[in-house]
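One structure is given below, encoded as structure tokens.
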Amino acid sequence: TQRKPPINVIVRVPQAQNGPYRTVSPVSRIGTEPRVRVSHARGTSAASDVSHQAALYCLSFNTSGPPHTPPPPLINAKTMSNVGEHLKHQTYAARDETELEHAVDVHWADGQSLLSHLPKKDKTDSSSFFGRDELAGAVFCGHVMTDLDSIAGAIGAAYLYGGDAARASEINTETEFALKEWGCDVPDPIEDALEKDPSRNVCLVDFQQQSQLNKCIPQANIVGIIDHHALQSNTVVTEKPIFVDIRPWGCMSSIIAHGFAVQEKFLPKNVAGMLLSAILSDTLNLRSPTTTAWDERIVAMLVQYLGVTDVNALAARQFRAKSHSLSLMTPYALVNGDVKKFKFESASCKDKTYTVAYSVVETTDAPASLARAHELLPEMRAVKAEDASIDAVLLAVVDIVALTSTLLVCGRVEASLAIAAYGGEIQTAAGDDATSQTLLLPGLVSRKKDFVPALTKAVSNGWAPPVEVVLEHANTVSRDFEKRNGDKAGNMKRSRSMADVAKGNVVVDYSEEPSGKIVRLAS
């Protein structure tokens, strides 16, 4: 049957059929039977062939007329007027909408509205928005173990406020992909900028924790913070008031892109592309629970501004680049590549805090990463053994396709904390000993919104390390004190579950590739 033009409808399918539905995208006619694409709540999507009987819950179809005869007026005309504009553009493909496409469709008009504020040409701007004077001439730098959002945000903020972008550490392969995709140069190391001018002002982007600050940055130089993370107990300390822009959005680059629209500042296409890629990365294609309507609006704006015809294809290539790097990364790089430390105040003792190092590995091939658990667990224990301030080390392998995670558990303290925070049951693979354990975290994918808040609640409800482990640590320290005649460094965290600890110096190995790999040499 010859395919006829799409028609736009809003369908409210009874909830009893398959759960709550959202209103929707264009419908196509297949023969004389209307085919309605219905999007489920976040996380799933479905297309349903809706019969005339089901469709009558909200409207009637006039399928007897010519192909171009417009359908009868819809019952929900007000809603249609609000969402009709975004349906005028061509859908990406004749298939079910992804969450990403759905968000772009729904916020198409919002994106157009934001887009109307972006100048088409660069021009001299004499307007004075809050932040321009405070941040003008500053160097914009993200956190150590840098990711795409911290690089894209630094590049965007530097152009928006008038300064220079810098990086706190080496970039990963996903960031390398985005820089090549959009034609941007890799920012210089922050060390170079401060070596030239040690007193230069610095604006932090995508973080505000001291533990994530490059050691070369004096806190006295910090004049601004642009971020989207929660304020913890270890934020940077400044001598005077500074510019602060922290919003509960899914990505810091969304804040920067919004700033271009609000300030009506010209946005170069290559910078816009970097911001778009960063938002897709940080929000897992707008599917992460951290995603907000503002992130979706900004993506809709940038997709139109850049003329992206298939945002899914861009996201897929970008995440493939990210997942590809994981297979090439050493255990040390995987464990330390995206690790952040968080401090939690004890509920039973006000002077006591627990520090948890939380590492995240996001991938489209979770089984491949989990197959390397025997390599990752010793490195996790090494992080704990080498830093006496850390009480527990956790690593979540996040499956960005299935939207679920698996937690690697490297010790008894970690097992106790994980169960208290997330519930469930620790699983041990057949043939493994008790040191190779995992905990399934179905539906949890965000460190910021899912993983860390659960830890906060567990500790505030009274969690503390198991008494037998604490006593064993104390006995171990006492024995080592006698053996080493006072040298007890590195043994505060050792227990039976810490028997398999990666040892050796961490170096850059240039034997396999020119850029080098960070590896731990066997001692």
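- With hydrogens and angles disregarded, no donor-acceptor distance shorter than 3.5 Å links the side chain of Glu174 to the backbone of Ala278.
- Checking side-chain atoms of Tyr305 against main-chain N and O of Leu267 turns up a donor-acceptor pair under 3.5 Å.
- From Thr283, atom OG1 reaches atom CD of Glu99 across 11.5 Å, with rounding to the nearest 0.5 Å.
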Test ring-ring contact (aromatic ring centres under 6.0 Å, His included) applied to Trp463 and Phe344, step by step: CA-CA 11 Å; Trp463 176 87; Phe344 305 93; 9.1 Å; no
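- Contact annotation: the side chain of Val413 approaches that of Lys384 to within less than 4.5 Å [non-hydrogen atoms, C-beta and beyond].
- Using a 30° and 60° split on the angle between ring planes, Tyr422 and Phe451 fall in the perpendicular class, above 60°.
- Side-chain contact of Asp149 with Ser253: a donor-acceptor pair under 3.5 Å is present, judged by distance alone.
- In terms of heavy-atom proximity, Val144 sits nearest to Ser169 at C-OG, 3.8 Å.
- A 4.5 Å side-chain heavy-atom check between Ile256 and Ile155 finds every atom pair outside the cut-off.
- Asp282 CG to Glu362 CD: the interatomic distance, rounded to the nearest 0.5 Å, is 7.5 Å.
- Without hydrogens or angle criteria, Glu414 side chain to Val393 main chain gives a donor-acceptor distance under 3.5 Å.
- Taking the six-membered ring where the residue is Trp, His143 and Phe207 present perpendicular rings, their angle passing 60° and hence far from 30°.
- One distance of note links CG of Leu160 with CD1 of Ile255; it measures 12.0 Å at 0.5 Å rounding.
- Summarising the geometry, atom NZ belonging to Lys340 is positioned 9.0 Å from atom CD belonging to Gln209; distances are rounded to the nearest 0.5 Å.
- Without hydrogens or angle criteria, Thr146 side chain to Ile171 main chain gives no donor-acceptor distance under 3.5 Å.
- Lys341 pairs with exactly one of Asn234, Asp387, Val383 by the side-chain contact (heavy atoms from CB on, under 4.5 Å) rule, that one being Asp387.
- Listed for the Gln219 side chain is a donor-acceptor partner under 3.5 Å among the backbone atoms of Val237.
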Intermediate values then yes/no, side-chain hydrogen bond (donor to acceptor under 3.5 Å, both in side chains), Glu379 and Asn336: CA-CA 9 Å; Glu379 282 293 345; Asn336 293 276; 4.6 Å; no
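- If you take CG on Asp147 and OG1 on Thr175, they are separated by 6.5 Å, rounding to the nearest 0.5 Å.
- We find the CG-CG distance between Leu440 and Leu407 to be 10.0 Å, quoted to the nearest 0.5 Å.
- Of all the heavy atoms in Ser150 and Met252, the pair that sits closest is CA-CE, 4.5 Å.
- Screening Thr292, Asp245, Asp206 for a side chain to side chain donor-acceptor pair (under 3.5 Å) involving His228 leaves a single residue, Asp206.
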Glu181 and Ser277: CA distance, side-chain angles, deciding distance, side-chain hydrogen bond (donor to acceptor under 3.5 Å, both in side chains) verdict: CA-CA 9 Å; Glu181 177 77 10; Ser277 285; over 6 Å; no
